[in-house]
Structure formats: C-alpha cells, structure tokens
Protein chains: 2
Amino acid sequence: MRDTRAELLAQAEILVRGRGYSGFSYGDLAEAVSIRKASIHHHFRTKTDLALALVAAYDARYDVALAGIMAAQPDAASRIEAYGRLYLTGVEDGLGCLCAVLAIEMDTLPDVLRADLARFFDKHIAWLERVLTEGCADGSLRPGLDPAATARMVVATLEGALLLERLLAGSAGFRSTLAALSDGLRPPRIA
Amino acid sequence: MRDTRAELLAQAEILVRGRGYSGFSYGDLAEAVSIRKASIHHHFRTKTDLALALVAAYDARYDVALAGIMAAQPDAASRIEAYGRLYLTGVEDGLGCLCAVLAIEMDTLPDVLRADLARFFDKHIAWLERVLTEGCADGSLRPGLDPAATARMVVATLEGALLLERLLAGSAGFRSTLAALSDGLRPPRIA
DNA sequence: TTGTGGCTACCATCTAGTAGGTAGATTTTT
DNA sequence: AAAAATCTACCTACTAGATGGTAGCCACAA
C-alpha cells in the first residue's frame, strides 16, 4: 500500500525547493505523483495547508538532525561544522532550503505560514547561540565572540551559500564558504 | 512627460523583490503603474525581457556603488563594511535582493537569465576577492585568510542576512550579523 | 455502513501574450 | 510650408491555457 500523502509531501518539497512556492502548481504535483489534481485536495484542502505541512515536516527533520549533532559531536567547533554540512545535501541535490524559498515570497504568504517560517529560523538561531556560548567557554571557539550575533551570522551564511552555490560552483563552492566560516570562528593561532 | 519604461522597471523591481518572479504578474504591474496590461508588452515584449532588463539595471546600479566604495573608503576593512551596508536598504525597505529572488526560482528561468544572475554574483565575488587580498597585504584584515573562499562567504552571509532579517529582526538583526562578519575578518587582538 | 482515497467534470479567475485600432508626435517628401 | 508617411505609446478586446478549488460520484476496506 502506498502512502500517497507522504509522496505528495516529498514531491511537493522538491518542486517548491526548486521552483519557488508560486512557481509550482497542484497540476505539477499531480503529474509528479500520478494522481489527478483534484485528488490532492483530499489530502491538503488548500495550497496553504500543503505549505504548512511541508514546513512542519521539514522542521521536524531538522529537530532530529540537531539532536543527532549534539549526540555525535563532542565540541562546539565540530557541532557548527556538522550543522553546516546539513545544508550540503541541498547543494548536491540542486535544491534550495524550503524555508528560504518561502521567505523570499514573504509578501504573498498567509500570516500563519510566515509565523512558522520565523519560528523555524529562530529555533536554529537559538540552538546555535547555545552551541556558540559553550564553544567560547570550552575554548574550541574564539573567545569574546558574540554568541547571539554570531548565531544569526552562521544561519545567514549557510542559507546564503546554499542559495548562491546552487547557482554558481555547486558543492565545491559551498565547502569553500564553510571553511571560511569556520576559520573566522576559530581561536586565533599563536603562530 | 513621464518615463513609463522607467516606472515599469521601478515598480516591477519592487514587485519581484517582494513576491518573487512567478509571484508577480503583468496584471499587478499594470495596476501599479496605471496603464493597461497589454501596454506593458509594448515596452517589454515578454516577461523574460522584463526580467533581463531588471537584472541589467540592478547590476548597473551595483557597478556604480562598488566604484563609489573604492573611491570613498581608504582600507579593505571599511570597504567590506561599506559593501555590507549596501544590503541594508533592502532590509529597511522590506525588499530582498533581486538576484537572490530570481536565483531561488532558478529551475523555471530561461538560460539567458540564469547566466546573467551567475555573472552578477561572480562579479561581486571577484570584487571582494580583490579587496580582501589588499586587506591581507595592508594589515587591515586577518592575515592568512583565504581571499577566494572569504569572498564567497561574504556574499553568502549578506545575501542570507538580507533574506533572514527581512523576515525576523529587520535592520537591527542585519547590523548584528554585519558586526559578527567583520569581527571574523579583523586581525586577532593581542589583548 | 461509514470512511477513505481516488475519479470525472466543472467553475471563476488569472496568466502571458496577440490583434488591431487610435491619437498625437516626429520625420520625410513634395 | 504643406502634405504624407512613419513612429510612439497607449487602448479595447480577445485567446488559449493554467490556476486553485468545488461538486458529486464510485470502489473498496474496516
């Protein structure tokens, strides 16, 4: 038995991340999943409902990933790098960040959706702020670094790099940015 | 005598930067400029023609701005900061970067347009790389920093910050990211 | 027998784009 | 200088196709 709802979410995510929210239609999605356009409405009454479900699923996946990083990585510096690598699959698959794509079209989005997007990013920033604060304390990151500001900067850099390198140099470009980012966070070498 | 073509470009830019490329229509634009939809086709035969003109005008404005920074700012560190401040008006006006918006919808864009976008970003990266190389030499930036990688990172950070802070904390958030970015580029304090 | 998950057929509205016309300015020809 | 031709910038009216969404029907499983 196939899980149509899950397939719809998976294909819709690919479509949105590649073409933007207004850039994909129920028609496209129907074709991708091989059911009729009207049948999609059975699973997601409106396009907004679909978008909300998309963000919720995406957000949940990130929750798992962030918890995994906390468990697998010992220190702040490697946690930040592991966080950065999360974005890498997007570049490799030629897909932007779902929430970045939606954020771009902000002005056309319903308020609920916009609020969910803000929550998504705020959560990442808060997580990074905690990691960065630890990193300053344990010496794996440059002391005197502002955790709140740097957390915002890290998310911005990775979102920006995904956006850019999908268009430009692909994963090589992304890795290069990731290296430059880590460089700026490391404690200064006493050479 | 009013310059309808210029008004079309100005209003179209606002629409695209706020709602995405597929998110705005000739109908919207016609209303914004108070002429009939069909009349727009007189100035821009197709939507792609309009997008190309939009990018060309945007790119030209940045050329002027970059030249201005070279003339007005004495050292690399202040040039980078001035470059960062260029993005600030976007945050303040609640408008994303035109080329970032278009890049998000990459998969739907005609090849010509995609090539123009790549050229836009490559130009910025090349400019920054030059400035960064100078900065390493004259000591206003952290020595040993990789100019090519850092240039990509700077553009990524600013594009990402514009995207994020338009949704989140506005210009305060953006300034905070800008400060964290500069911090990472500065030579280490010998406290 | 009730709910699930599809379907066909439809709807109003919007989409980019076309056809063809008009009023006025500019340019060319006489 | 007058007349003719052309160009500019807009218009109304239209097209074909896409858009999100609705109504109602059917098969099947619990």
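A, B, ... follow the sequence lines: proteins, then strands. Residue 1 opens every chain.
- Across C:dG5, C:dT15, C:dC7, the shortest atom-to-atom separation from the side chain of A:I35 is found for C:dC7.
- A:H43 places its NE2 atom 17 Å from the P atom of D:dG20, with the value rounded to the nearest Å.
- Checking C:dT18, D:dT8, C:dT15 against every side-chain atom of B:H42, the shortest atom distance belongs to D:dT8.
- Contact of B:H41 with C:dG17 (side chain to base): a donor-acceptor pair of N or O atoms is detected under 3.5 Å.
- Between the P atom of D:dA9 and the CG atom of B:L8 lies a distance of 11 Å, rounded to the nearest Å.
- Under a 4.0 Å N-O distance rule, the pair A:R175/A:E92 qualifies as a salt bridge.
- For B:D49 and C:dG17, the CG to C1' distance is 12 Å, given to the nearest whole Å.
- Rounded to whole Å, the distance from CZ on B:F44 to C1' on D:dT8 is 15 Å.
- Rounded to a whole Å, the OH atom of A:Y21 is 13 Å from the P atom of D:dT19.
- Ion pairing between a basic and an acidic side chain is recognised when a charged N comes within 4.0 Å of a carboxylate O; B:R17 and B:D93 show no such pairing.
- Contact annotation: B:T4 side-chain N/O to D:dC10 OP1/OP2 distance is under 4.0 Å.
- Distances shown here put a side-chain N or O of A:S25 below 4.0 Å from the OP1 or OP2 atom of D:dT19.
- Closest approach of A:L54 and A:E13 over heavy atoms only: CD1-N, 4.0 Å.
- Two residues, A:D28 and A:A38, neighbour DNA chain D, and the one matched to the more 5' nucleotide by heavy-atom proximity is A:D28.
- As a whole-Å value, the separation of A:R45 CZ from D:dG21 P is 8 Å.
- For the pair A:Y26 OH and C:dC14 C1', the interatomic distance rounds to 18 Å; values are reported in whole Å.
- Under a 4.0 Å N-O distance rule, the pair B:R166/A:D107 qualifies as a salt bridge.
- Taking a cutoff of 4.0 Å between a charged side-chain nitrogen and a carboxylate oxygen, B:R119 and B:D122 do not qualify as a salt bridge.
- Minimum atom distance to the side chain of A:R36 is reached by C:dC7, of the listed C:dC7, D:dG20, D:dC11.
- Whole-Å rounding puts the A:D3 CG to C:dT4 C1' distance at 13 Å.
- Within 4.0 Å of B:S39, counting heavy atoms only, lies at least one base atom of the nucleic acid.
- Between the base of D:dG21 and the side chain of A:K47 there is no donor-acceptor pair shorter than 3.5 Å.
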